[in-house]
Amino acid sequence: MAEEKEKGQDSCSSEERESVKLFVGQVPKHMSEAELVCMFKEVALVDEVNVIKDKTTRASRGCCFVICPSREEADKAVNACHNKRTLPGASSPLQVKYADGELERLEHKLFVGMLPKNVSDAEVSSLFSIYGTIKDLQILRGSQQTSKGCAFLKYETKEQALAALEAINGKYKMEGSSVPLVVKWADTEKERQARRAQKAQSQASGVSNTDSTQQPSLFGALPMGYIPPFNGFSYQAPGTYGLMQYPLQPMQNQPGFHNLIPPINRGSALRGVSHDLPPGIAPRNFVTMPAGSYIGSAYPSAPGIQYPMAYPGGIMSHRPINSSRGLTPPAITNGRGTSPTSSSSGIQVEGPPGANLFIYHIPQEFGDQELANAFQAFGRVLSAKVFIDKATGVSKCFGFVSYDMPAAAQSAINMMNGCQLGGKKLKVQLKRDNKHNKPY
DNA sequence: TCATATT
């Protein structure tokens with residue numbers, strides 16, 4: 001590791017030996033790392049394979065990371081495998097892509113903030129060209145082609161990007177501007193998604209910012225964790241007051257700061273930002289949480305939900321739906337006092353053939369537990385899962401329920417299919433089975 | 001609209 005870094009200093013381009021991590025999905029859970037190495041070595045150079053395992057059970061989660069020695073080799077693996085072949089036991093073809101953050105890391109992409117509204121491409125480009133070759137420059141513009149005050153920029157190499165970052169961030173004012181530019185590593189896709197989800201949640205939680213368009217402000221466009229220079233104490237900007245800040249534990253505050261810096265050589269960028277802050281205000285000393293995370297927060301009850309009278313057996317229990325988007329851990333009350341379902345243990349259990357249901361048009365506010373409750377009148381529910389959009393935290397309105405016997409599933413179909421719940425009619429069908437009909 | 005999972 002350390003030696004690799006040393007080498008990076010003295011030779012010109014680090015491109016060639018930069019290793020690349022791939023994420024691979026649809027990996028049968030029984031496959032070992034050795035078997036996977038073998039398989040991928042047929043198509044590309046591979047340094048290492050790591051199966052991703054459940055933290056507690058150590059069982060494979062059906063996916064792995066593959067480390068390739070270069071981008072070229074990684075691309076070979078992607079091209080040869082992604083969506084190209086289905087491993088025995090998998091339900092769909094292998095998914096092979098760059099792991100989260102890899103692409104951004106490889107692109108040496110920077111975010112530039114605090115640009116003047118009337119800045120031109122040429123101005124930005126000539127400033128940043130001092131530090132290296134710009135591969136791509138994109139100034140974000142609004143309707144009247146006026147700049148939104150920020151830009152994304154890619155350099156040829158990490159060293160160039162880092163040089164620009166360190167030289168310009170917080171230090172350089174563009175002509176006619178009273179504040180210095182902000183330069184940091186661009187967010188990864190994942191960080192962007194996290195921010196989107198956070199925004200969606202703060203809006204959904206009813207802490208109303210009645211008009212979020214009124215103050216689009218820089219903050220909408222700024223990277224997560226960014227604190228504007230020179231006013232670190234008052235950055236609760238309009239548009240963010242659905243969010244609360246909590247100090248972290250003291251232990252995490254002080255000297256161990258570097259522990260909080262994401263891997264992969266982003267350290268100096270973060271430190272660069274923090275230098276500009278008033279003493280004692282380090283960006284990572286705060287964690288931002290949706291206001292709804294408070295226990296006992298009062299959510300408006302979801303409108304328009306009606307449970308039909310024909311509903312079998314007191315299904316929903318008396319418990320009001322517990323927070324809107326699963327922010328609060330479900331307080332599990334199983335209406336019939338049956339033994340715990342696996343949905344509460346987190347492991348997905350599939351029932352015997354013919355005992356598994358696919359359900360569509362599930363009301364948006366239903367979580368796993370509400371789904372289980374709604375279907376428990378027909379038999380022992382082994383598991384119930386509602387699918388949630390990772391980016392928004394919102395239900396995708398479909399899910400699965402598994403029983404221990406086909407008869408239970410059948411009677412659930414009879415009773416629940418077409419049943420009006422919320423605005424729409426439930427669609428309740430047997431789950432498709434990808435398993436046993438595989439061609440030899 | 002059929003189990004998509006990022007150590």
Side-chain angles (χ1 to χ4, degrees), chain A residues 19-33 36 47-67 74 78 82-83 86-87 89-105 188-194 197 262-264 341-343 345-351 353-364 366-368 371-372 381-403 409 412-413 417-418 424-437:
Chain A
S19 69
V20 176
K21 178 158 66 173
L22 299 175
F23 173 83
V24 181
Q26 297 300 327
V27 175
K29 294 195 195 338
H30 57 77
M31 276 186 87
S32 69
E33 289 174 348
L36 288 160
D47 292 332
E48 202 179 326
V49 170
N50 298 304
V51 168
I52 299 166
K53 306 187 187 79
D54 183 277
K55 276 191 214 32
T56 56
T57 70
R58 308 293 299 156
S60 164
R61 304 193 62 172
C63 47
C64 69
F65 289 118
V66 173
I67 317 288
V78 172
H82 180 65
N83 271 138
T86 302
L87 265 21
S91 58
S92 46
L94 273 178
Q95 298 300 107
V96 184
K97 32 196 190 186
Y98 284 60
D100 282 349
E102 282 297 272
L103 207 49
E104 292 88 345
R105 183 177 70 83
T188 66
E189 177 61 26
K190 200 175 191 183
E191 287 165 326
R192 240 175 299 153
Q193 280 180 359
I264 341 212
T341 65
S342 65
S343 60
S345 77
I347 296 173
Q348 286 166 20
V349 177
E350 186 157 346
N356 304 292
L357 297 176
F358 171 72
I359 299 143
Y360 196 60
H361 293 158
I362 297 169
Q364 186 117 76
F366 273 38
D368 295 354
L371 183 64
V381 174
L382 299 181
S383 67
K385 175 111 198 116
V386 174
F387 277 76
I388 303 296
D389 186 290
K390 230 191 327 173
T392 65
V394 167
S395 162
K396 291 188 165 171
C397 299
F398 75 89
F400 298 91
V401 168
S402 293
Y403 292 103
I413 292 172
N417 186 37
K424 293 183 192 144
K425 290 180 178 170
L426 281 186
K427 186 169 282 191
V428 183
Q429 313 170 317
L430 285 179
K431 176 180 135 23
R432 241 182 251 150
D433 192 6
N434 294 310
K435 289 254 158 96
H436 38 68
N437 42 330

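Note on naming: letters A, B, ... go to the chains in the order of the sequence lines (proteins, then strands), and numbering restarts at 1 for each one.
Within 4.0 Å (heavy atoms only), A/K55 reaches no atom of the nucleic acid at all. Here A/K396 lies out of heavy-atom contact (under 4.0 Å) with every strand. Contact annotation for A/S60: no contact, since no heavy-atom pair falls under 4.0 Å across all strands.
When the nucleotides B/dA5, B/dT7, B/dT1 are ranked by their closest atom to the side chain of A/Y360, B/dT1 comes out on top. Here B/dC2 is the nucleotide among B/dT6, B/dT4, B/dC2 with the atom lying nearest to any side-chain atom of A/F398. Across B/dA5, B/dC2, B/dT6, the shortest atom-to-atom separation from the side chain of A/A99 is found for B/dT6. Distances from the side chain of A/S383 to the nucleotides B/dT6, B/dT1, B/dA3 place B/dA3 closest. Looking at the side chain of A/K431, the nearest of the listed nucleotides B/dA5, B/dC2, B/dT7 is B/dC2.
Of all heavy-atom pairs spanning A/V49 and A/V66, the tightest one is CG2-CG2, 4.0 Å.
One finds no side-chain N or O of A/Q95 lying less than 4.0 angstrom from the OP1 or OP2 phosphate oxygen of B/dT4.
With rounding to whole Å, A/F387 atom CZ is found 13 Å from B/dT1 atom P. Rounded to a whole Å, the CD1 atom of A/I359 is 12 Å from the C1' atom of B/dT1. Per the geometry, CE belonging to A/M31 stands 21 Å off P belonging to B/dA5, to the nearest Å. In this structure, A/E48 atom CD and B/dT6 atom C1' are separated by 15 Å, rounded to whole Å. Rounded to an integer number of Å, the gap from A/N356 CG to B/dC2 P is 16 Å.
In this structure, A/F400 counts as stacked on the base of B/dA3 under the 5.5 Å centre distance and 30° plane angle limits.
Looking at A/N50 and A/C64, their side chains never come closer than 4.5 Å, going by heavy atoms from C-beta outward. A 4.5 Å side-chain heavy-atom check between A/F23 and A/C63 finds at least one atom pair inside the cut-off. Counting heavy atoms from C-beta on, the side chains of A/D100 and A/T188 never come closer than 4.5 Å.
With both ends at atom C1', the span from B/dC2 to B/dT6 equals 23 Å, rounded to whole Å.
With the nearest nucleotide of DNA chain B identified for both A/V51 and A/Q26, A/Q26 has the one nearer the 5' end.
With sequence neighbours excluded, the residues satisfying side chain to side chain contact (heavy atoms under 4.5 Å, CB included) with A/Y360 are A/F358, A/F398, A/K427.
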